[in-house]
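Hydrogens, waters and symmetry mates are skipped; everything else that's a heavy atom, side chains included, is used.
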Amino acid sequence: MQEARSARIRLQSRHEGENVVQESEAEVFERGGALYLKYEEPEADLRGQKTRTLLKITGDSLKMIRHGAVESEQAFQEGQKLPGFYRSPYTSFNLSTQTSLLEIRLNGVSGTVRWVYDLYVHEECTGHFDISLHIQEDNQ
């Protein structure tokens, strides 16, 4: 197994005119033809619990798995509607994502990933999202 390397990530989310940017440290590693990115989300819940996120990036798909204050799983593949779920201490529901764009531009473990999708909860569209992820490996 390949050793994890440090990276800086910048995640930009655009949803209904709102633009949110998160920057954090991440661990990145390659395994089985996929690139994995692990990071802790900066915001804690009301109990002080943080959420850890794992992104799995392959040639034509992206999977996001979150554990901690929130448990969720979302999958993205251009032109596909894929199932997922969301669970917190307060609510849980099944969801799905209809991805209209997935661009993966990586050079090793650095690069950008952009995905545009509609989020469905109980088969009802609840929003349109445009997400950009920039990954920069730390040179040590």
Side-chain angles (χ1 to χ4, degrees):
M1 177 169 26
Q2 193 169 9
E3 190 176 312
R5 295 176 283 202
S6 295
R8 296 253 344 131
I9 62 168
R10 182 175 190 266
L11 194 62
Q12 181 173 2
S13 173
R14 289 176 293 285
H15 171 249
E16 295 178 4
E18 186 178 347
N19 190 30
V20 177
V21 177
Q22 292 181 358
E23 294 188 7
S24 62
E25 298 287 324
E27 290 183 354
V28 61
F29 58 95
E30 296 173 276
R31 185 183 306 149
L35 181 69
Y36 292 85
L37 194 66
K38 291 184 351 184
Y39 65 95
E40 192 172 81
E41 295 180 13
E43 299 294 319
D45 71 0
L46 296 174
R47 298 172 297 166
Q49 188 177 11
K50 295 238 180 171
T51 299
R52 295 174 314 283
T53 299
L54 174 69
L55 291 175
K56 177 184 179 184
I57 305 165
T58 63
D60 67 348
S61 68
L62 172 70
K63 188 170 206 170
M64 178 183 288
I65 303 168
R66 300 167 72 211
H67 291 286
V70 168
E71 305 281 330
S72 72
E73 192 170 295
Q74 292 176 283
F76 307 92
Q77 190 167 2
E78 192 169 311
Q80 300 291 313
K81 188 172 187 179
L82 300 173
F85 66 86
Y86 178 95
R87 285 193 287 269
S88 78
Y90 313 105
T91 187
S92 67
F93 48 84
N94 290 328
L95 53 84
S96 58
T97 55
Q98 175 72 51
T99 307
S100 57
L101 175 76
L102 177 60
E103 293 177 340
I104 300 170
R105 295 191 177 122
L106 298 173
N107 182 9
V109 299
S110 296
T112 59
V113 180
R114 180 173 174 230
W115 63 105
V116 177
Y117 68 98
D118 290 324
L119 179 66
Y120 289 83
V121 177
H122 304 299
E123 297 304 314
E124 183 179 323
C125 185
T126 60
H128 180 77
F129 294 83
D130 186 340
I131 313 289
S132 296
L133 170 68
H134 179 75
I135 310 162
Q136 181 61 55
E137 183 181 5
D138 287 341
N139 294 324
Q140 299 174 347

Practice problem: Working to the nearest 0.5 Å, report the span between CG of Leu11 and CD1 of Ile9. | Solution: 6.0 Å
Exercise. Applying salt bridge (charged side-chain N to carboxylate O under 4.0 Å, His left out), name anything that partners Glu40, two or more places apart in sequence or on another chain.
Key: none
If you look only at distance, which donor and acceptor atoms sit under 3.5 Å apart when one is on a side chain in residues 95-112 and the other is two or more places apart or in another chain?
| residue | atom | partner | partner atom | Å |
| --- | --- | --- | --- | --- |
| Thr97 | OG1 | Ala75 | O | 2.5 |
| Ser100 | OG | Val116 | O | 3.4 |
| Ser110 | OG | Glu137 | N | 3.0 |

Self-check item: NZ/NE/NH1/NH2 to OD/OE distance under 4.0 Å, Glu25 and Arg8
Solution: yes
Exercise. Tell me, please, which residues at least two apart from His67 pass side chain to side chain donor-acceptor pair (under 3.5 Å).
Key: Glu71
Quiz item: Please walk me through it: do Arg10 and Ser132 pass side chain to side chain contact (heavy atoms under 4.5 Å, CB included)?
Solution: CA-CA 8 Å; Arg10 182 175 190 266; Ser132 296; over 6 Å; no
Self-check item: Listed partners of Arg87 passing salt bridge (charged side-chain N to carboxylate O under 4.0 Å, His left out), at least two apart
Solution: none
Which side-chain N or O atoms in residues 121-129 pair as donor and acceptor under 3.5 Å with protein atoms at least two apart or in another chain?
| residue | atom | partner | partner atom | Å |
| --- | --- | --- | --- | --- |
| Glu123 | OE1 | Lys81 | NZ | 3.3 |
| Thr126 | OG1 | Leu119 | O | 3.2 |
| His128 | ND1 | Asp118 | OD1 | 2.7 |

Quiz item: Which is it for Ile131 and Phe76 under the side chain to side chain contact (heavy atoms under 4.5 Å, CB included) test, yes or no, and what are the steps along the way?
Solution: CA-CA 11 Å; Ile131 313 289; Phe76 307 92; over 6 Å; no
Quiz item: What pairs with Tyr36 under ring pair (Phe, Tyr, Trp, His ring centres under 6.0 Å), at least two apart in sequence or on another chain?
Solution: Phe29
Quiz item: Tell me, which pairs form a salt bridge (Lys or Arg N to Asp or Glu O under 4.0 Å) where one or both residues lie in residues 88-101, sequence neighbours left out?
Solution: none
Name every donor-acceptor pair, under 3.5 Å, that has one atom in a side chain of residues 53-65 and the other anywhere in the protein, sequence neighbours excluded.
| residue | atom | partner | partner atom | Å |
| --- | --- | --- | --- | --- |
| Thr53 | OG1 | Glu41 | OE2 | 2.7 |
| Thr58 | OG1 | Ser61 | N | 3.2 |
| Thr58 | OG1 | Ser61 | O | 3.4 |
| Thr58 | OG1 | Ser61 | OG | 2.5 |
| Asp60 | OD2 | Gln77 | NE2 | 3.2 |
| Lys63 | NZ | Glu73 | OE2 | 3.4 |

Exercise. Please list, chain by chain and in numerical order, all residues satisfying salt bridge (charged side-chain N to carboxylate O under 4.0 Å, His left out) with Arg114, sequence neighbours excluded.
Key: Asp130
Exercise. Using side chain to side chain donor-acceptor pair (under 3.5 Å) as the criterion, list what pairs up with Glu78, not counting sequence neighbours.
Key: none
Quiz item: Among all residues two or more places apart in sequence or in another chain, which pass the ring pair (Phe, Tyr, Trp, His ring centres under 6.0 Å) test with Tyr86?
Solution: Phe93
Quiz item: Does any non-hydrogen side-chain atom of Arg5 lie less than 4.5 Å from one of Glu30?
Solution: yes
Exercise. Could you pull out all residues at least two apart from Arg52 that satisfy side chain to side chain donor-acceptor pair (under 3.5 Å)?
Key: none
